[in-house]
Amino acid sequence: MKSTTRLLTALTKSQYSRTLRYGMIALAGFILASCSQQVKPPVTDAESVSMEKPKADPVASDAPKTGETSTVPAPQWETPEEWAALMYRTLTISQLKEQDSSGSVKQTKIRRPLTVGSVLGMDAQKTDSKPEKALYPQYYQLVANGTIDDLNAALNKAEQIPAAGEQAEAYCGIAWALLDEEAFSHAKPYLVQGEKLLSQARDPETYEKLLNLYSKAFARSGDSDKAVEVAQQIANRDLREETMISIPGQIAKTGNVEQALGFVETIKNRKSQSQALQQITLILVKSNACNQACTITGQITDEETRFKALEGIALELAKADRGSQALEVVQQINFLHRRPWFLRSLAILLIETGYFEQALEIAPLIDGSRDQSTYLMEVAIALAETGESKHAQEVVQQIPMLDSRRIAVAKVASGLLKAGQVNGALKIAQQIEYDEMKVRLLYQIASALHSKSEDDQKIIVLKEAVAASRRLGEMPSFVTAIPVLSMETRQTEQGTSTQLKSAFTPEEQQLADALLQAAHQKK
């Protein structure tokens with residue numbers, strides 16, 4: 001990098017001397033930080049992509065559009081350093097003008113993470129320990145995965161609590177920590193001791209919550225009779241019903257599935273019975289007892305609850321590298337078109353475990369060409385993200401709806417880029433018509449090529465990205481363009497060094513002038 005003295009001397013000759021001095025210092029940190037990290041493609045919403053092909057625009061990327069209102073000419077520059085400083089200063093002023101007066105920050109929509117719990121709609125029941133820990137974190141944490149000394153310390157603290165209701169909370173925490181370690185016989189005395197203090201809880205709401213927790217804890221310890229006795233003391237009808245439904249699942253965790261099934265028969269409400277059986281199947285699946293779980297689903301009378309139970313089984317089978325069995329379970333599920341999150345999770349798991357054919361066999365089971373297209377798109381993306389470019393493109397061609405197929409092409413290119421296959425991503429991206437997603441992809445690919453020090457190729461792609469932006473009537477992505485155009489990576493004795501270029505080629509200079517002019521017009 002040229003010396004700071006030379007840069008400041010050059011900038012002093014212009015009308016921006018003092019401001020540019022600080023701008024250059026900030027720029028150096030900004031650019032180096034940008035180039036030191038691998039660029040990752042941002043998550044985009046497929047539904048927001050415009051597939052309309054814009055009108056032909058004969059204007060090249062390095063020529064200003066005809067008929068645009070003339071503005072004050074952009075400042076002159078001689079070196080890449082001066083160009084980068086002017087670009088950064090121009091964009092900073094523009095951003096300050098556009099900043100919201102309230103100072104609020106726009107939130108970017110984040111795709112919902114995929115878990116078995118989210119697919120089944122059971123996020124709140126994903127772990128039994130989460131709600132319990134909220135009441136007594138210090139006691140649970142002291143005992144969980146701790147030593148005998150930790151247990152004794154927790155007991156000493158609990159015994160010194162003056163309020164009986166709070167002491168009941170502490171004993172509940174200690175008992176749950178022991179139950180999670182399957183130390184059932186050790187947990188039982190603290191459950192018995194704490195349950196006697198429940199009536200002295202601080203307020204009715206806490207009392208109800210503790211009844212729920214103690215009931216489940218007794219069931220987890222194997223004492224279902226006591227669990228029912230405690231549950232029946234809950235005044236809130238909904239909470240009481242929820243507690244009763246959870247008891248069979250807690251019993252199943254002890255390994256006594258027959259007792260759990262027997263308890264389900266004592267529940268009078270058919271819907272509640274089905275929910276209890278679903279919880280048992282989920283516990284069995286997580287214990288890798290998928291065959292037994294499938295058998296139990298036959299006893300679930302509520303159809304939708306049975307389908308949710310089968311979803312959980314299919315996902316766990318796919319995760320366990322048993323894709324053929326997962327497909328057999330999926331064939332028992334109706335209304336697959338209503339289950340996008342389940343299908344997406346299943347497609348990813350099947351592709352990751354190598355069950356490509358099984359993933360494709362699911363598509364004909366889905367009603368409607370639109371939903372089939374959405375599912376096949378997920379299969380293609382999953383293949384692309386594992387580097388399977390050829391197979392991904394083959395799946396894209398099977399997508400029945402044209403709009404979905406076009407979106408899938410862009411998604412596959414993005415997936416290949418994510419997998420590190422930059423050239424493969426570029427080849428596919430260049431086939432996309434001029435739309436928003438192509439523009440984003442080209443900028444991302446230019447950044448990826450920059451990180452790989454493929455300088456000649458990155459300039460070609462950057463020019464193509466700028467041209468695509470202009471075809472859409474959009475401003476170029478300056479944040480991407482500045483480091484890609486002005487920085488270079490060199491090998492030194494100490495390793496790789498990223499720094500500003502000493503000079504531009506004529507082609508680079510032409511593109512740099514066009515970008516500075518566009519940025520200056522934006523200001």
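Bear in mind the structure is a predicted one, so any value in this text is a computation, not a measurement. For this chain, numbers begin at 1 and follow the sequence in order.
No side-chain heavy atom of Glu361 sits under 4.5 Å from any side-chain heavy atom of Phe356. Looking at Phe263 and Val228, their side chains come closer than 4.5 Å, going by heavy atoms from C-beta outward. Using a 4.5 Å heavy-atom threshold, the side chains of Leu441 and Met437 count as touching. Using a 4.5 Å heavy-atom threshold, the side chains of Glu258 and Asn256 count as touching. With contacts defined as side-chain heavy-atom distances shorter than 4.5 Å, the pair Gln233/Tyr207 qualifies. Two residues are said to be in side-chain contact when any heavy atoms from C-beta on lie closer than 4.5 Å; Ile313 and Gln325 fail this criterion. A 4.5 Å side-chain heavy-atom check between Glu454 and Asn423 finds at least one atom pair inside the cut-off. Residues Ser272 and Glu241 form a side-chain contact, since some pair of their non-hydrogen atoms from C-beta on lies under 4.5 Å apart.
Judged by distance alone, with hydrogens and angles left aside, the side-chain atoms of Lys438 form a donor-acceptor pair with the main-chain N or O of Ile432 at under 3.5 Å. Using a distance-only test at 3.5 Å, with no hydrogens or angles considered, no donor-acceptor pair links the side chain of Tyr214 to the main chain of Lys209. Remark: the backbone N or O of Asn291 is paired with a side-chain donor or acceptor of Thr295 at under 3.5 angstrom. Although no hydrogens or angles enter the test, the distance criterion places a donor-acceptor pair under 3.5 Å between the side chain of Ser215 and the main chain of Ala227. The backbone N or O of Ile333 sits nowhere less than 3.5 Å from a side-chain atom of Arg306 that would complete a donor-acceptor pair. Under the 3.5 Å distance criterion, the side-chain polar atoms of Ser373 are matched with a main-chain donor or acceptor of Met401. Put simply, the side chain of Ser414 never gets that close to the backbone of Ala410: no donor and acceptor are under 3.5 Å apart. Formation of a donor-acceptor pair under 3.5 Å by the Lys458 side chain with backbone atoms of Ser447 is not found in this model. When atom types are taken as modelled, the side chain of Arg240 and the backbone of Ile234 share a donor-acceptor pair closer than 3.5 angstrom.
Going from atom CG of Leu178 over to atom CG of Leu151 covers 6.0 Å, rounded to the nearest 0.5 Å. In this structure, Asp367 CG and Gln372 CD are separated by 8.0 Å, a value rounded to the nearest 0.5 Å. Rounded to the nearest 0.5 angstrom, Glu436 CD and Ser469 OG are separated by 10.5 Å. With values rounded to the nearest 0.5 angstrom, Leu360 atom CG is found 9.0 Å from His391 atom NE2. Here CD1 of Ile445 is found 12.0 Å from OG1 of Thr480. Values are rounded to the nearest 0.5 Å. To the nearest 0.5 Å, the span separating CD1 on Ile300 from OG on Ser274 amounts to 6.0 Å.
Taking each heavy atom of Phe218 and Val192 in turn, the nearest pair found is CZ-N, 4.1 Å. Between Ala231 and Ile247, the shortest heavy-atom distance links the atoms CB-CD1, 4.5 Å. The minimum heavy-atom distance between Gly387 and Ala419, with the atom names listed, is N-CB, 4.1 Å. Of all non-hydrogen atoms in Gln358 and Ser324, the two that sit nearest each other are NE2-OG, 3.4 Å. In terms of heavy atoms, Ala384 sits closest to Leu416 at O-CD2, 3.7 Å. Here the closest heavy-atom approach between residue Tyr375 and residue Ala363 is recorded as CE2-N, 3.8 Å.
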Check: Is there a side chain to side chain contact (heavy atoms under 4.5 Å, CB included) between Val257 and Ile296 once you walk through the steps?
Finding: CA-CA 10 Å; Val257 179; Ile296 292 174; 4.3 Å; yes
Check: Given the rule in the side-chain hydrogen bond (donor to acceptor under 3.5 Å, both in side chains) test, do Ser224 and Gln259 qualify, once you have shown the distances and angles that lead to the verdict?
Finding: CA-CA 9 Å; Ser224 58; Gln259 184 185 357; 3.1 Å; yes
Next item on the list: Evaluate the side chain to side chain contact (heavy atoms under 4.5 Å, CB included) criterion for residues Leu191 and Ser221: first the C-alpha distance (whole Å), next the side-chain angles of each, then the deciding distance (0.1 Å), finally the verdict.
Entry: CA-CA 9 Å; Leu191 287 175; Ser221 71; 4.2 Å; yes
Item checked: Pair Leu343-Glu378, side chain to side chain contact (heavy atoms under 4.5 Å, CB included): steps then yes or no -> CA-CA 8 Å; Leu343 290 172; Glu378 294 294 351; over 6 Å; no
Next item on the list: Walk me through it: do Leu327 and Tyr355 pass the test side chain to side chain contact (heavy atoms under 4.5 Å, CB included)?
Entry: CA-CA 10 Å; Leu327 178 59; Tyr355 287 89; over 6 Å; no
Checklist line | side-chain hydrogen bond (donor to acceptor under 3.5 Å, both in side chains) between Thr386 and Glu352, worked out | finding: CA-CA 7 Å; Thr386 57; Glu352 287 179 347; over 6 Å; no
Next item on the list: Could you walk me through whether Ser246 and Glu242 pass side-chain hydrogen bond (donor to acceptor under 3.5 Å, both in side chains), step by step?
Entry: CA-CA 6 Å; Ser246 69; Glu242 175 192 320; over 6 Å; no
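By the 30° and 60° cut-offs, the orientation of the rings of His337 relative to Phe335 is perpendicular. Note: Tyr171 and Tyr190 have parallel aromatic rings, judged against thresholds of 30 and 60 degrees for the angle between ring planes.
Remark: the Thr301 side chain and the Gln273 side chain contain no N/O donor-acceptor pair separated by less than 3.5 Å.
Between Lys226 and Glu195 there is a salt bridge, since at least one side-chain N of the basic residue sits less than 4.0 Å from a carboxylate O of the acidic one. We find that Asp302 and Arg270 are not joined by a salt bridge, their nearest charged nitrogen and carboxylate oxygen being 4.0 Å or further apart. Electrostatic pairing of Glu304 and Lys308 does not count as a salt bridge here, judged by no charged N lying under 4.0 Å from a carboxylate O. For Lys286 and Glu316, the salt-bridge test fails: no basic side-chain N is under 4.0 Å from an acidic carboxylate O.
Evaluation of the salt bridge (charged side-chain N to carboxylate O under 4.0 Å, His left out) test over residues 381-402, restricted to residues two or more places apart or in two chains, returns Glu385-Lys418.
Exactly one of Ile351, Leu376, Ile381 qualifies for a side chain to side chain contact (heavy atoms under 4.5 Å, CB included) with Val395. That residue is Leu376.
More than 12 heavy atoms of other residues, nucleotides or ligands shown are found within 6.0 angstrom of CG on Asp203.
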